[in-house]
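What follows is a single structure, written as structure tokens, with notes after it.
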Amino acid sequence: MTSPYRVCFVCTGNICRSPIAESVFRARLTEAGLDGLVEVDSAGTDGWHEGDSADPRAVAVLDAHGYGSDHTARQFHASWFPRLDLVIALDEGHLRELRRLAPTPEDAAKVRLLRSYDLSLGPSPDPSLGLSGEPSGGFGVPDPYYGGSAGFEECLETVEAASEGLLVTVRNTIEKAA
């Protein structure tokens with residue numbers, strides 16, 4: 001594989017869920033020795049918070065669990081699809097929006113729900129894990145923005161659980177390309 005594999009996590013404003021997912025997955029890649037082979041970033045479907053730091057509650061939960069939290073919010077653009085290998089939506093609304101933005105069917109196929117990689121939920125509906133079908137309700141990462149710190153803890157736990165399966169998928173993809 002000559003160029004890095006590129007993953008982008010996408011939520012609504014890029015200040016809560018997607019920065020948490022980016023930080024957690026970057027840590028998983030480092031632990032697996034894949035950080036030099038995979039680039040990770042995040043964005044939001046909307047530009048409301050563009051240029052802002054991550055929500056202080058997201059930063060607090062990341063710091064409390066030993067993850068990095070340096071982040072600047074930005075909006076996802078359809079023009080990014082050609083350079084990305086995988087676009088990870090944090091909930092079903094993001095999935096629909098991202099697939100609508102995709103310029104080609106191949107680009108739309110790059111969009112996956114993060115929780116579809118959570119192996120604790122049973123057989124994954126994600127085709128990249130070898131099974132077919134679309135996830136139905138309940139596969140979104142709950143939005144902690146309008147709640148308290150407990151919601152950010154739950155978000156982190158949900159992201160951590162799904163990151164393990166995502167890591168397996170990315171590792172397998174990289175090994176096949178090598």
Side chains of [X] and [Y] only: does a donor on one sit below 3.5 Å from an acceptor on the other?
X	Y	answer
D107	T104	yes
Y67	E22	no
T12	D46	no
H49	D55	no

Could you tell me which non-hydrogen atom of [X] sits nearest to which non-hydrogen atom of [Y], and how far apart they are?
X	Y	value
G140	E92	N-OE2, 3.5 Å
W80	A43	CZ3-CB, 3.6 Å
C11	S18	SG-OG, 3.1 Å
P4	E39	CG-OE2, 3.2 Å
D63	S69	OD1-OG, 2.9 Å

Please examine the side chains of [Y] and [X], heavy atoms only from C-beta on, and report whether any two atoms are closer than 4.5 Å.
X	Y	value
L86	R112	yes
V7	L84	no
L90	V10	no
F152	I20	yes
V24	L156	yes
L29	V40	yes
L167	S163	no
L166	L114	yes

Please determine if D41 and R74 form a salt bridge, counting it only when a charged side-chain N lies under 4.0 Å from a carboxylate O.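 Result for this pair is yes, salt bridge flagged.
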Would you call R26-D35 a salt bridge at under 4.0 Å N-O?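 Salt bridge between R26 and D35, a charged N being under 4.0 Å from a carboxylate O: no.
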Results of salt bridge (charged side-chain N to carboxylate O under 4.0 Å, His left out) for E106 - residues two or more places apart only: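 Salt bridge (charged side-chain N to carboxylate O under 4.0 Å, His left out) list for E106, sorted by chain: empty.
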Side chain to side chain contact (heavy atoms under 4.5 Å, CB included) evaluation trace for L34 with R28: CA-CA 9 Å; L34 298 174; R28 293 298 174 270; over 6 Å; no
Is there a donor-acceptor pair under 3.5 Å between the side chain of Q75 and the backbone N or O of T45?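 A pair under 3.5 Å: yes.
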Checking the side chain of S23 only, and the main-chain atoms of G68 only, is there a donor and an acceptor separated by less than 3.5 Å?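 Looks like yes, one N/O pair under 3.5 Å.
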For the [atom1] atom of [X] and the [atom2] atom of [Y], what is their distance to the nearest 0.5 Å?
X	Y	atom1	atom2	value
C16	D143	SG	CG	6.0 Å
R6	K110	CZ	NZ	10.5 Å
L119	T169	CG	OG1	7.5 Å

Report yes or no: do [X] and [Y] belong to one cluster of Ile/Leu/Val/Met/Phe/Trp/Tyr joined by side chain heavy-atom distances under 4.5 Å?
X	Y	value
I15	L98	no
F76	L95	yes
L101	V111	yes

Connected hydrophobic set around W48, excluding itself, where side chains approach under 4.5 Å: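 Other cluster members: none.
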If we check side-chain contact (heavy atoms from CB on, under 4.5 Å) with V141, which of these qualifies: R115, H94, E157?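 Testing V141 for a side-chain contact (heavy atoms from CB on, under 4.5 Å) against R115, H94, E157 leaves exactly one candidate, R115.
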Identified side-chain contact (heavy atoms from CB on, under 4.5 Å) partner of P144 from the options E153, R57, E154, R17: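 Output: one option passes, namely R17.
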Mind telling me whether F9 and F25 have parallel, tilted or perpendicular rings, with 30° and 60° as the class edges?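 Rings of F25 and F9: perpendicular, as their planes differ by over 60°.
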For T158, check side-chain hydrogen bond (donor to acceptor under 3.5 Å, both in side chains) against everything at least two apart and list the hits.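 Once residues adjacent in sequence are excluded, T158 has no partner under the side-chain hydrogen bond (donor to acceptor under 3.5 Å, both in side chains) criterion.
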Verdict with reasoning, R100 to R96, per side chain to side chain contact (heavy atoms under 4.5 Å, CB included): CA-CA 6 Å; R100 186 190 63 74; R96 285 189 301 276; over 6 Å; no
Could you walk me through whether F139 and Y117 pass ring-ring contact (aromatic ring centres under 6.0 Å, His included), step by step? CA-CA 10 Å; F139 271 87; Y117 294 95; over 10 Å; no
